[in-house]
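One structure is given below, encoded as structure tokens.
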Amino acid sequence: MRFPKYGNYALDVSGNVLEVFATGAWNLKTAEAFTEEMHDLVSRFDDKPWAALLDGRRWVLSTPDTQQIIVDAIKFSITKGLKRSAYVLDTGMVKRAQLEYTHPAKERSFDLNGYERNYFQHYFAALNWLDKEGFSPIAKT
């Protein structure tokens with residue numbers, strides 16, 4: 001498989017979950033476009049609790065200048081109701097280490113407002129955790 005030159009992503013809102021599929025190596029332009037599109041989608045949740053499910057198995061990391069953009073996007077999302085993030089990654093620790101840098105808990109003055117994140121190697125394990133936490137891509141009627 002060949003990855004796009006500057007990385008790519010797909011976003012989808014299903015139920016009370018924002019699904020993110022990240023591929024390739026992200027640069028600043030990719031992170032900025034992602035953040036802008038994500039902000040538009042987050043408004044659909046009307047400040048009610050929601051979760052994010054990120055599939056990063058085909059993601060190849062990102063440049064250092066993207067990290068603060070992602071931190072700011074996560075903090076914005078938390079203020080708009082984000083309560084849980086499930087990250088699906090392959091077995092290596094490098095991706096997780098880079099994502100840990102984006103955790104807003106590193107800024108002690110920021111109120112996490114009940115936000116938690118977790119890491120998984122399997123997509124369905126992430127879905128199960130989110131479901132147990134009250135979040136599902138299947139709209140409950």
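- When ring centroids are compared, H103 and Y115 come within the 6.0 Å threshold.
- The shortest distance between side-chain heavy atoms of Q68 and V71 falls below 4.5 Å.
- The closest side-chain heavy-atom distance from P137 to L127 is below 4.5 Å.
- Of the possible donor and acceptor atoms, one in the side chain of K95 sits under 3.5 Å from a partner among the backbone N and O of G56.
- N16 CG to E133 CD: the interatomic distance, rounded to the nearest 0.5 Å, is 12.0 Å.
- The CD atom of E116 sits 11.0 Å away from the CG atom of L82 when rounded to the nearest 0.5 Å.
- Looking only at distances, a side-chain donor or acceptor of D55 sits under 3.5 Å from a matching main-chain atom of R57.
- Expressed to the nearest 0.5 Å, how far OH of Y123 lies from CG of L53 amounts to 4.0 Å.
- Rounding to the nearest 0.5 Å gives a distance of 11.5 Å between CZ of F34 and CG of N8.
- Contact detail for D47 and K80: the closest heavy-atom pair is OD1-CD, 3.1 Å.
- Nearest heavy atoms, A25 versus V60: N-CB, 3.8 Å.
- Atom CD of E32 sits about 10.0 Å away from atom CD1 of I70, to the nearest 0.5 Å.
- Panel note: side chain Q98, backbone S62; a donor-acceptor pair is recorded below 3.5 Å.
- Using cut-offs of 30° and 60° on the angle between ring planes, the pair F120 and W129 is tilted.
- With contacts defined as side-chain heavy-atom distances shorter than 4.5 Å, the pair V13/F45 qualifies.
- The two atoms that bring S77 and M38 nearest to each other are OG-CE, 3.3 Å, heavy atoms only.
- Every side-chain contact (heavy atoms from CB on, under 4.5 Å) that N27 has, sequence neighbours left out, goes to Y6, K29, T30, T63.
- Inspection of the E100 and Y87 side chains reveals no N or O donor paired with an N or O acceptor under 3.5 Å.
- In plain terms, the two heavy atoms of I69 and A31 that are nearest each other are CG2-O, 3.9 Å.
- At least one side-chain heavy atom of L99 sits less than 4.5 Å from a side-chain heavy atom of W59.
- The CG atom of L28 lies 4.5 Å from the CG atom of D65; values are rounded to the nearest 0.5 Å.
- Shown here are the salt bridge (charged side-chain N to carboxylate O under 4.0 Å, His left out) partners of K83, two or more places apart in sequence or in another chain: there are none.
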Show the numbers, then the answer: is there a side-chain contact (heavy atoms from CB on, under 4.5 Å) between D72 and T35?
-> CA-CA 9 Å; D72 293 342; T35 298; over 6 Å; no
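- Although no hydrogens or angles enter the test, the distance criterion places a donor-acceptor pair under 3.5 Å between the side chain of W26 and the main chain of T23.
- Across F110 and P104, no two heavy atoms sit closer than the pair CD2-CB, 3.8 Å.
- Relative ring orientation between H39 and F76 is described as tilted, the plane-to-plane angle lying within the 30° to 60° band.
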